[in-house]
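Notes to accompany the following structure.
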Amino acid sequence: MDELDSCAVHLTLVETGGEAESYTGEAKEPRRDDHLQQNIPERSASRPYRPNEKLIARTEIFVSPNHTSEFSLMGDIESSYITPDGYFRHTIVFESKQEVWNSVCYGMLKLRNGDQLLSINNEDTTLLSHEDALRVFENLPSNKDENITMTYRRPSTRNVVDFSFELNCSLGSAVEARINNESSVPESDWIKKSAVTIQNRGTNRYMQALEKNCVIFKELISSIPGQKPKDFHICHFTEERWIESNSHAMLRRYMDEEHKDYLHVTCDGNIILSSTCSVFKLKVERMHAFVIMEEIVTGKVLCLEDFNDCCAKFIHPTNYAADHINYIDHMEEKFRFKRDSVPCLRQ
């Protein structure tokens, strides 16, 4: 038998096509994270809440410890692109026989039909397309000494579960998962922190807080071989994200790691650091090519108007049809950015 480090993930993709459906949402309940809501008003009447468009692709996930036999790790992944909030919902789907097999080989993971993936190894899967989410699975560490983290939302209980586990090949050629740590909280109490960068797409310009009243996009170039611009701490922000109660999209705020203050959008759209945070949504284009960054109180969107100017502002886009269901795909280049996770938070 091959060693465990030869473990690989094999994917079988089944496209089921697209369909549209109305979204009714779940009834609102009092939340215990009011300090994060910042008295957020309802969406402006000029930006109507349009129906979801579900573009579904289902893929069965396999883990093969020796490249000759395959064992289902988590059944099917069903991905839906949710508009107008611009995020992906990746749902675990088990057939009846898969549920039995899962309970035998992977019962420790305690995954159920309908569980929705939120992150894998700190990668925010709500911003990943179906294919990109599968690549994350492909790269899961197969060494039993390497920890894998996963977060999912369980709609039936309105809880969010964070757990870490290892993949191991201990019984013949079967793959098993060993839980290292697990926690479950009501989704209204859940908040996730990650270190991230916000990049001007296609350039080496990254958002940086040079001082409290000067948040700009500036080019970063490393003279160290192998070091990427996003490795510089100066462009790292701590992203705190939590689940919006009505749409289940992620709301976000950003703290500068150096100054320990939050990004705040002023009345004229400028970006500063302040103890008072602005709340944002990152809306991803359906092919995961870029994100737009929307400040949700005003509906203004981050914009780098002049390519030669490093100063960005939040403005109201005026050149797209507000009632177009795919408006994110048609945003101009000046509104398009890239958000990346970085390995660690600086203490």
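Looking at heavy atoms from C-beta onward, Asp162 lies out of side-chain contact with Asn181 at the 4.5 angstrom threshold. Put simply, the side chain of Gln208 does not reach to within 4.5 Å of the side chain of Val215, judged on heavy atoms. Between Ile179 and Ser164, every side-chain heavy-atom pair lies at or beyond the 4.5 Å cut-off. Considering only heavy atoms from C-beta on, Val279 comes within 4.5 Å of Trp242 through its side chain. Residues Arg112 and Ile92 are not in side-chain contact: their nearest non-hydrogen atoms beyond the backbone lie 4.5 Å or more apart. Looking only at side-chain heavy atoms (C-beta outward), Val265 and Val297 stay at 4.5 Å or farther from each other. Proximity of Leu282 to Arg252: side-chain heavy atoms (C-beta onward) are separated by under 4.5 Å at one or more points. When side chains are defined from C-beta on, Asn180 counts as touching Asn147, because their heavy atoms get closer than 4.5 Å.
Considering CG of Asp256 and CE of Met207, their distance stands at 10.5 Å, rounded to 0.5 Å. Rounding to the nearest 0.5 Å gives a distance of 10.0 Å between OG of Ser275 and CE of Met255. Note that CD1 of Ile292 and CE of Met331 are 4.5 Å apart. Values are rounded to the nearest 0.5 Å. Rounding to the nearest 0.5 Å places CD1 of Ile234 at 7.0 Å from CG of Leu220. Met250 contributes atom CE, which lies 8.5 Å from atom OH of Tyr87 (distance to the nearest 0.5 angstrom).
Ring geometry for His90 against Phe88 counts as parallel: the plane angle stays under 30°, on a 0 to 90° scale with 60° as the upper cut.
Donor-acceptor pairing under 3.5 Å is lacking for the side chains of Arg153 and Thr151. Residues Asn122 and Ser194 have side chains that bring a donor and an acceptor to within less than 3.5 angstrom of each other. Checked by atom type, the side-chain pair His264/Ser274 shows no donor-acceptor distance below 3.5 Å. Between Arg286 and Thr83, the side chains place no donor N or O within less than 3.5 Å of an acceptor N or O (distance only, hydrogens not considered). Between Glu239 and Tyr254, the side chains place a donor N or O and an acceptor N or O closer than 3.5 Å (distance only, hydrogens not considered). A donor-acceptor contact closer than 3.5 angstrom is absent between the side chains of Trp190 and Asn159.
Residues that satisfy the ring-ring contact (aromatic ring centres under 6.0 Å, His included) test with Phe337, not counting sequence neighbours, are Phe217.
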> Where do Thr91 and Asp115 land on the side chain to side chain contact (heavy atoms under 4.5 Å, CB included) test, with the steps shown first?
Replying inline: CA-CA 6 Å; Thr91 304; Asp115 288 346; over 6 Å; no

>> I'd like to know whether Ile120 forms a side chain to side chain contact (heavy atoms under 4.5 Å, CB included) with Thr149, so could you lay out the CA-CA distance, the side-chain angles of the two residues, the decisive distance to 0.1 Å, and finally the verdict.
In response: CA-CA 6 Å; Ile120 304 172; Thr149 61; over 6 Å; no

> Taking it one step at a time, do Asp132 and Arg135 satisfy salt bridge (charged side-chain N to carboxylate O under 4.0 Å, His left out)?
Replying inline: CA-CA 5 Å; Asp132 290 324; Arg135 290 190 188 100; 2.3 Å; yes

>> One pair to check against side chain to side chain contact (heavy atoms under 4.5 Å, CB included): Asp340 and Val196. What are the steps and the verdict?
In response: CA-CA 5 Å; Asp340 277 323; Val196 302; over 6 Å; no

>> As a quick check of understanding, evaluate salt bridge (charged side-chain N to carboxylate O under 4.0 Å, His left out) for Arg158 and Asp189, giving each step before the final call.
In response: CA-CA 11 Å; Arg158 298 179 69 103; Asp189 292 342; over 6 Å; no

>> Walk me through whether Tyr262 and Phe237 qualify under side chain to side chain contact (heavy atoms under 4.5 Å, CB included).
In response: CA-CA 9 Å; Tyr262 289 97; Phe237 290 86; over 6 Å; no

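Residue Phe232 comes nearest to Ile221 through the heavy atom pair CZ-O, 4.0 Å, listed as atom of the first residue, atom of the second, then distance.
Shown are Lys283, Lys281, Lys300; of these, the salt bridge (Lys or Arg N to Asp or Glu O under 4.0 Å) with Glu294 is made only by Lys283.
Here Phe163 and Tyr152 bring their ring centres to under 6.0 angstrom of each other.
More than 12 heavy atoms of other residues, nucleotides or ligands shown are found within 6.0 angstrom of NZ on Lys192.
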